[in-house]
Amino acid sequence: MNKEVVNVGRQEELDWGKSLAIVAMICVHVYEQLSIVDIEVVPTDAFRIILEFVAGPLTAPLFMFCMGVGIMYSNNSAPLQMVKRAFNLLRNGYLLSFFKGTILVAIALALGYTINWTLADSLFLVSILQFAGMAFLTIALMKKLRISLPVMLVISLALSVLGGQLSELDFSGSWLQYLFGLFFETNYVTTFPLFRWIFYPVFGMIFGYFLLRTTDKSRFYLRIFPIGILGAVAFSIIYTALGFDLRTMFMLSGRVYYSQSLLHYLFTSLVIMAVLPVYYFLSVKIKIEPVNKAVSYLGENLGSIYLAQWMIIPYVQAILVLVGDVRIDVALIIPVGILVLLGSIGIIELIRLVKRKILRMTF
């Protein structure tokens with residue numbers, strides 16, 4: 001480990017992590033929104049348990065972790081620059097909510113359908129983009145105050161405990177639920193409140209600090225792999241032996257996945273530490289050019305793909321409801337997920353093509 005920054009540039013193992021997480025993310029969204037599965041039923045079969053596990057620690061937490069690493073590697077991470085990006089993320093989050101939710105809810109209400117969501121719910125839900133914006137604002141403030149990384153970590157843990165306590169407050173019927181939902185759970189549409197999830201980007205920043213100073217990445221990852229894998233296995237054994245259900249670390253039933261706790265942080269961090277070395281050695285050993293290009297593309301276009309998939313899934317869901325509340329079979333979840341991924345890429349490239357043509361016409 002070097003005292004100075006030596007390991008700069010794009011870290012390909014993170015692209016591997018993000019690219020595989022994108023596939024899992026889209027598949028679990030198809031699983032939630034389009035399939036016959038009732039996610040409120042605790043998963044018992046192997047497929048559901050594996051899918052919810054892979055789409056648990058290795059999607060949203062990993063994205064947030066990578067966001068923290070990216071902050072450490074970025075040349076545009078001064079507090080003011082982060083604040084500007086934060087407001088862009090918040091804007092995009094609410095615009096996405098409008099196009100993927102509010103429009104469809106308005107149409108459903110106009111057609112006389114009975115739904116559990118209000119227009120306000122659909123617009124002010126707190127998704128990962130809103131979280132990212134709030135996280136950038138919070139980290140920008142802590143950087144402005146020159147708070148060290150260890151203290152940031154302590155603050156993130158304290159906020160988690162505080163968020164758990166505040167989530168007991170009742171804001172039903174009040175518009176304050178949509179404001180405070182940015183910070184802690186206030187209703188069923190609050191998925192990624194700041195206090196519950198800020199740990200992961202801070203953890204990523206700490207990891208990024210050491211990664212920047214690593215002179216031998218192979219040795220670095222060989223050291224953390226046994227910590228991650230043995231730690232995750234030991235946690236699982238002890239947690240289960242004490243009479244707890246390990247599925248509560250990742251399952252969607254009862255929304256326990258969104259109510260992140262200190263135990264979730266420990267388990268998920270160990271899982272991330274176990275898989276990062278795997279992603280690193282994949283990035284080193286796999287020399288198939290099309291595969292590497294695909295991984296790089298997915299990693300670089302994570303944000304765009306996230307937006308694009310939500311321009312497909314809810315509208316497919318709406319069409320299926322209109323033709324008779326059709327749901328897809330379990331066997332089709334992954335194939336449909338791949339089709340949504342390809343469709344998302346198609347949307348991205350079509351928009352870029354149109355932009356290029358407009359630029360040519362302008363100049």
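In this chain, numbering begins with 1 at the start of the sequence shown.
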ask   = Atom CD in Q317, atom CG in L104: separation rounded to 0.5 Å?
value = 8.5 Å

Separation of L129 CG from L95 CG (nearest 0.5 Å) = 10.0 Å

ask   = Are any non-hydrogen side-chain atoms of M25 and L341 less than 4.5 angstrom apart?
value = no

key: Residues, nucleotides or ligands: over 12 heavy atoms within 6.0 Å of N116 CG   = no

ask   = Are R213 and Y209 in a cation-pi setup, meaning NZ or CZ lies under 6.0 angstrom from the ring centre and within 45 degrees of the ring axis?
value = yes

task = For a side chain to side chain contact (heavy atoms under 4.5 Å, CB included) with I155, tell me which candidate from L153, L159, L157 qualifies.
result = L159

ask   = Do the non-hydrogen side-chain atoms of V30 and S35 ever get within less than 4.5 Å of each other?
value = no

inquiry  = When you compare the side chains of Q81 and S77, does any donor N or O come within less than 3.5 Å of an acceptor on the partner?
reply    = no

Q309 side chain vs Y306 backbone, donor-acceptor pair below 3.5 Å = yes

Donor-acceptor pair between Y297 and N292 side chains, under 3.5 angstrom = no

ask   = How far does NE2 of H29 sit from CH2 of W310, to the nearest 0.5 angstrom?
value = 4.5 Å

ask   = So, E13 versus Y221: side-chain donor-acceptor pair below 3.5 Å or not?
value = yes

key: Test item: side-chain donor near acceptor, S304 and N301, under 3.5 Å   = no

request  = Keeping the roles fixed (side chain from S122, backbone from L119), state whether a donor-acceptor pair exists under 3.5 Å.
outcome  = yes

L298 side chain near V295 side chain, heavy-atom distance below 4.5 Å = no

ask   = For atom CD of Q33, is the number of surrounding heavy atoms from other residues, nucleotides or ligands below 6.0 Å larger than 12?
value = yes

message = Show the nearest heavy-atom pair for residues C66 and L14, with the distance to one decimal.
response = SG-CD2, 4.1 Å

task = Nearest 0.5 Å please: distance from the CE atom of M82 over to the OG1 atom of T138.
result = 9.0 Å

query = Is it the case that more than 12 heavy atoms not belonging to F87 sit under 6.0 Å from its CZ atom?
reply = no

key: Residue that, paired with R196, satisfies side-chain hydrogen bond (donor to acceptor under 3.5 Å, both in side chains) out of E185, H264, Q260   = E185

ask   = Looking only at atom types and distance, does a side-chain atom of R48 sit under 3.5 Å from a main-chain N or O of V37, one as donor and one as acceptor?
value = no

message = Would you call the rings of Y258 and F192 parallel, tilted or perpendicular, taking 30° and 60° as the class edges?
response = perpendicular

task = Please report the closest heavy-atom contact between K144 and P79, naming both atoms and the distance.
result = N-CG, 3.9 Å

inquiry  = Pair Y178, T190 - check side-chain hydrogen bond (donor to acceptor under 3.5 Å, both in side chains), show working.
reply    = CA-CA 8 Å; Y178 302 115; T190 302; over 6 Å; no

request  = Output yes when a side-chain donor or acceptor of S283 lies under 3.5 Å from a complementary backbone atom of Y280, and no otherwise.
outcome  = yes

query = Any side-chain heavy atom of L125 within less than 4.5 Å of one from K100?
reply = yes

key: Gap between atom CG of L169 and atom CZ of F184 - 0.5 Å precision   = 5.5 Å

message = For F281 and L222: C-alpha separation, side-chain torsions, deciding distance, then whether side-chain contact (heavy atoms from CB on, under 4.5 Å) applies.
response = CA-CA 10 Å; F281 285 102; L222 282 173; 4.0 Å; yes

query = Would you say M64 and I198 make side-chain contact, with heavy atoms under 4.5 Å?
reply = no

inquiry  = Counting only heavy atoms from other residues, nucleotides and ligands, does the tally under 6.0 Å from CG of N75 exceed 12?
reply    = no

query = Any chance the side chains of S174 and Q177 put a donor and an acceptor closer than 3.5 Å?
reply = no

inquiry  = Quick check: do F124 and N187 have side-chain heavy atoms less than 4.5 Å from each other?
reply    = no

task = Would you name the heavy atoms of V126 and L182 that are closest together and state the gap between them?
result = CG2-N, 3.9 Å

task = Would you please say whether a donor-acceptor pair under 3.5 Å links the side chains of T248 and Y239?
result = yes

inquiry  = Quick one, V41 and D38 - any side-chain contact, counting heavy atoms below 4.5 Å?
reply    = yes

query = Do side-chain atoms of T214 reach the backbone of F210 as a donor and acceptor pair under 3.5 angstrom?
reply = yes

Backbone N/O of L162 and side chain of Q165: donor-acceptor pair under 3.5 Å = no

ask   = In Å, rounded to the nearest 0.5 Å, how long is the span from CG of L252 to OH of Y31?
value = 6.0 Å

ask   = Hey, quick one: are I49 and V271 part of the same hydrophobic cluster, counting side-chain heavy atoms closer than 4.5 Å, chains of contacts allowed?
value = yes

message = Using side-chain contact (heavy atoms from CB on, under 4.5 Å), reason through L89 and M134 one step at a time and then give a plain yes or no.
response = CA-CA 9 Å; L89 286 164; M134 295 300 294; over 6 Å; no

ask   = Using a distance-only test with no angle check, is there a side-chain donor-acceptor pair under 3.5 angstrom linking Y188 and D121?
value = yes

key: Pair Y200 + F65: ring centers closer than 6.0 Å   = no

key: For the student: nearest non-hydrogen atoms of S156 and V202, plus distance   = CB-CG2, 4.3 Å

note = Looking only at heavy atoms, the pair that brings F267 and S236 closest together is CE1-OG, 3.8 Å

ask   = Does the side-chain contact (heavy atoms from CB on, under 4.5 Å) test come out yes or no for V69 and Y73, once each step is laid out?
value = CA-CA 6 Å; V69 177; Y73 270 79; 3.8 Å; yes

inquiry  = Tell me the closest heavy-atom pair linking K217 and L211, and the distance in Å.
reply    = CE-CD1, 4.4 Å

inquiry  = By the definition ring-ring contact (aromatic ring centres under 6.0 Å, His included), identify the one residue from F195, F131, W197 that meets it with F183.
reply    = F195

query = Are any side-chain N or O atoms of S19 and backbone N or O atoms of W16, one a donor and one an acceptor, separated by less than 3.5 Å?
reply = yes

message = Any heavy-atom pair between the side chains of V28 and V54 that's under 4.5 Å?
response = no

key: Check: D216 side chain, R219 main-chain N or O, donor-acceptor pair, under 3.5 Å   = yes

inquiry  = Go through it in stages, so that I can follow the logic: the residues are V330 and I333, the test is side-chain contact (heavy atoms from CB on, under 4.5 Å), and I'd like the CA-CA distance, side-chain angles, deciding distance and then a yes or no.
reply    = CA-CA 5 Å; V330 172; I333 290 172; 4.3 Å; yes

ask   = Would the number of heavy atoms belonging to other residues, nucleotides or ligands and lying under 6.0 Å from CD1 of I288 be above 12?
value = no

inquiry  = Assess, by modelled atom type and distance only, whether the side chains of Q11 and N7 contain a donor and an acceptor separated by less than 3.5 Å.
reply    = yes

